[in-house]
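Side chains included, hydrogens not; waters and symmetry mates left out as well; all remaining heavy atoms used. Start at 1 with the first residue, then count along the sequence. Keep in mind that this is a model prediction, so the values were computed, not measured.
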Amino acid sequence: MRQLLKFFSSLKLTVALLSLSMALIFFGTLDQVEYGIWHTQKLYFESFLAVWAYPEAWAAYDQLFWLRIPMPGGYLLGGLLLINLVTAHITRFKLTLNKSGIFLIHFGLILLLVSELLTDVFSKESQMPVDEGGRSNYSQEYRANELVLIDRSQADFDTVHSIPVAMLKPGKTVIVPDSPLSIRTVSYYPNAQIGRAQPGAAPIKSPADQGVATKMGIVVTPAKVTYAENAINTATAYIEVLSPQGSLGTWLVSNVIDDRFPPQLLSLGEQSWEIALRLKRHYYPFEIELIDFSHEKYPGTEIPFNFSSEVMVHHNDSTKNQKALIYMNHPMRYEGLTFYQASFANDDRTSIFQVVRNPGWALPYISVLLMGLGMLVQFGMHFFKFLRKRASV
């Protein structure tokens with residue numbers, strides 16, 4: 001046990017882990033060109049093991065395509081650094097007044113590592129576009145999709161059955177909760193081109209016998225997944241809907257089959273559902289109304305100087321209604337969510353808000369304050385000690 005504590009509290013281990021962290025950042029930065037920030041973060045910093053592959057776009061790829069460099073990921077390095085810091089305190093440091101500054105600095109650093117883990121695990125980011133004069137009660141994740149069956153039989157509300165696309169594995173059958181239906185995935189494509197058959201393209205043979213695919217002659221051509229920051233993959237699937245009475249047909253669903261197309265409705269007896277594959281939604285017990293959107297530019301240019309949104313929050317509980325002005329670096333915090341002014345569209349008639357739910361958002365601020373206070377205490381004690389020595393000379 002003593003040898004184990006000695007190993008994990010070793011300064012050599014600290015140096016090794018920091019060196020590996022620098023290497024992880026270096027190779028992650030290289031891959032950011034190909035995969036973008038979001039996917040690179042998942043591959044390198046939100047994993048226990050990362051593997052760097054020689055990029056296809058680099059010179060001599062034909063000779064070096066085999067080159068792979070495995071390395072510990074961010075979760076593994078962060079966890080080991082946390083263990084290293086805690087065991088170093090257990091084995092080496094004693095809490096005394098002279099060491100109080102160091103303890104505050106290290107405690108702030110521990111809190112910072114914990115807050116990063118909490119952010120990775122529990123935080124959610126999505127976007128909410130709202131037209132000027134319009135309202136919205138949901139936001140969408142642009143990198144996540146869901147298959148939904150929507151029961152619109154009730155006048156006051158819709159019942160939405162949601163299935164994550166991670167469960168859409170070809171040949172697998174998933175039971176739809178609280179309904180007599182189940183779905184079987186015939187095929188699923190993370191990205192595809194859909195439309196009418198184009199000359200020179202190689203679309204797959206459509207198994208669909210219901211819905212827009214048969215009515216409009218839509219075909220699917222699989223495409224390579226894109227990681228560009230401003231691009232959305234066209235998630236597409238062929239889904240067979242099953243009931244106790246048998247199959248209700250095979251349907252083409254895709255996240256680009258939206259309000260421009262007629263709803264795809266399936267029926268069983270007197271009950272009907274709309275089937276769709278769409279961007280994952282988060283619904284809220286309130287609506288955001290966009291009263292006015294302002295887009296200011298530098299004189300004589302098209303460069304944005306400032307853009308802001310005047311909004312009104314209409315909550316189901318009217319006592320929680322709130323009016324706010326959201327602009328760059330000035331978000332609105334409401335019901336555990338933070339609304340940032342992210343972008344705009346539709347000739348300045350649509351404002352796009354970044355919606356962030358991060359239960360641990362305050363922890364980084366607390367950790368930075370603790371580390372700052374610790375440095376102030378530690379350097380302050382040494383400074384006053386120096387002044388006393390100088391005065392005694």
Side-chain angles (χ1 to χ4, degrees), residues 36-38 41 46 111-112 114-146 157-158 160 162 229-230 232 258-259 278-298 302-370 372:
I37 295 175
W38 181 82
Q41 182 175 324
E46 296 179 10
L111 192 61
L112 189 63
V114 172
S115 70
E116 179 60 28
L117 177 62
L118 292 177
T119 297
D120 289 342
V121 174
F122 296 109
S123 70
K124 296 290 183 183
E125 292 190 21
S126 53
Q127 289 191 346
M128 177 187 286
V130 187
D131 295 332
E132 205 168 42
R135 299 184 180 189
S136 179
N137 69 335
Y138 67 87
S139 59
Q140 302 178 112
E141 292 188 39
Y142 281 83
R143 294 186 178 89
N145 296 276
E146 60 183 356
F157 61 89
D158 296 335
V160 179
S162 173
E229 294 299 316
N230 297 322
I232 298 176
D258 51 23
D259 295 337
R278 67 187 188 188
L279 299 175
K280 185 177 180 180
R281 293 185 181 183
H282 300 279
Y283 287 93
Y284 308 111
F286 55 83
E287 292 182 322
I288 300 292
E289 178 187 4
L290 179 59
I291 300 172
D292 181 62
F293 175 72
S294 176
H295 178 196
E296 302 174 51
K297 305 174 184 177
Y298 286 100
E302 292 298 315
I303 302 174
F305 168 68
N306 183 43
F307 43 98
S308 60
S309 300
E310 183 182 359
V311 301
M312 182 70 189
V313 183
H314 301 274
H315 200 283
N316 293 344
D317 179 358
S318 60
T319 62
K320 296 182 179 180
N321 289 356
Q322 177 179 319
K323 195 173 184 178
L325 182 66
I326 304 173
Y327 54 92
M328 291 187 292
N329 301 321
H330 191 277
M332 176 183 73
R333 300 190 188 277
Y334 186 82
E335 295 276 300
L337 300 167
T338 306
F339 293 81
Y340 296 91
Q341 181 66 65
S343 186
F344 49 90
N346 195 22
D347 295 326
D348 293 356
R349 293 193 297 272
T350 300
S351 185
I352 301 175
F353 302 112
Q354 188 80 6
V355 185
V356 179
R357 181 186 296 277
N358 182 10
W361 68 271
L363 292 181
Y365 297 100
I366 297 172
S367 65
V368 170
L369 286 174
L370 286 173

(message) Using side-chain heavy atoms (C-beta onward) and a distance below 4.5 Å, is Val130 in contact with Ser351?
(response) no

(message) Checking Gln322 against His315: is there a side-chain donor and acceptor pair closer than 3.5 Å?
(response) no

(request) Indicate yes or no for a side-chain donor-acceptor contact from Asn137 to the backbone of Tyr283 under 3.5 Å, with no hydrogens or angles considered. (result) no

(request) Could you please spell out the steps behind the side-chain contact (heavy atoms from CB on, under 4.5 Å) verdict for Ile288 and Phe353? (result) CA-CA 10 Å; Ile288 300 292; Phe353 302 112; 4.2 Å; yes

(request) Decide side-chain contact (heavy atoms from CB on, under 4.5 Å) for Met128 and His282; before the verdict, give the C-alpha distance in whole Å, the side-chain angles of both, and the deciding distance to 0.1 Å. (result) CA-CA 10 Å; Met128 177 187 286; His282 300 279; over 6 Å; no

(request) Please list, chain by chain and in numerical order, all residues satisfying side-chain hydrogen bond (donor to acceptor under 3.5 Å, both in side chains) with Asp131, sequence neighbours excluded. (result) Thr350

(request) First locate atom CD of Gln140, then atom CD of Gln127, and finally report the distance between them rounded to the nearest 0.5 Å. (result) 9.0 Å

(message) Looking only at side-chain N and O atoms, does Ser139 offer a donor or acceptor that is under 3.5 Å from a partner on Tyr284?
(response) yes

(request) Test Glu146 against every option in Arg278, Lys280, Arg281 by the side chain to side chain donor-acceptor pair (under 3.5 Å) rule and name the one that passes. (result) Arg278

(message) Going by the rule side-chain hydrogen bond (donor to acceptor under 3.5 Å, both in side chains), which residues pair with Arg357 if we only count those two or more places apart in sequence or in a different chain?
(response) none

(message) Testing the 3.5 Å rule here: is there a donor-acceptor pair between the side chains of Ser308 and Gln341?
(response) no

(request) Report the distance from atom NE2 of His314 to atom CZ of Arg135, rounding to the nearest 0.5 Å. (result) 3.5 Å

(message) Just verifying a value: how many Å separate Arg143 CZ and Leu279 CG, rounded to the nearest 0.5 Å?
(response) 11.5 Å

(message) To the closest 0.5 Å, what do you measure between OG (Ser367) and CG (Leu112)?
(response) 4.0 Å

Pairs of donor and acceptor atoms involving the side chains of residues 291-298, under 3.5 Å and at least two apart or interchain, shall be tabulated with distances.
{"from": "His295", "atom 1": "ND1", "to": "Asp348", "atom 2": "OD1", "distance (Å)": "3.3"}
{"from": "His295", "atom 1": "ND1", "to": "Asp348", "atom 2": "OD2", "distance (Å)": "3.0"}
{"from": "Lys297", "atom 1": "NZ", "to": "Glu302", "atom 2": "OE1", "distance (Å)": "2.7"}

(message) Contact between Val311 and Phe339 at the side-chain level, heavy atoms closer than 4.5 Å - yes or no?
(response) no

(request) Could you walk me through whether Glu335 and Val313 pass the side-chain contact (heavy atoms from CB on, under 4.5 Å) test, one step at a time? (result) CA-CA 11 Å; Glu335 295 276 300; Val313 183; over 6 Å; no

(message) Return the CD to OH distance between Glu125 and Tyr340, rounded to the nearest 0.5 Å.
(response) 8.5 Å

(message) Looking at Asp158 and Val160, would you say the former's side chain and the latter's main chain have a donor-acceptor pair under 3.5 Å?
(response) no

(message) Counting C-beta onward and ignoring hydrogens, is there a side-chain heavy-atom pair between Gln41 and Asp120 closer than 4.5 Å?
(response) yes

(message) Please find the pair of heavy atoms, one from Asn321 and one from Met312, that lie closest to each other, and give the distance.
(response) CB-CE, 3.9 Å

(message) Is it the case that over 12 heavy atoms from other parts of the model lie below 6.0 angstrom from the CZ atom of Phe286?
(response) yes

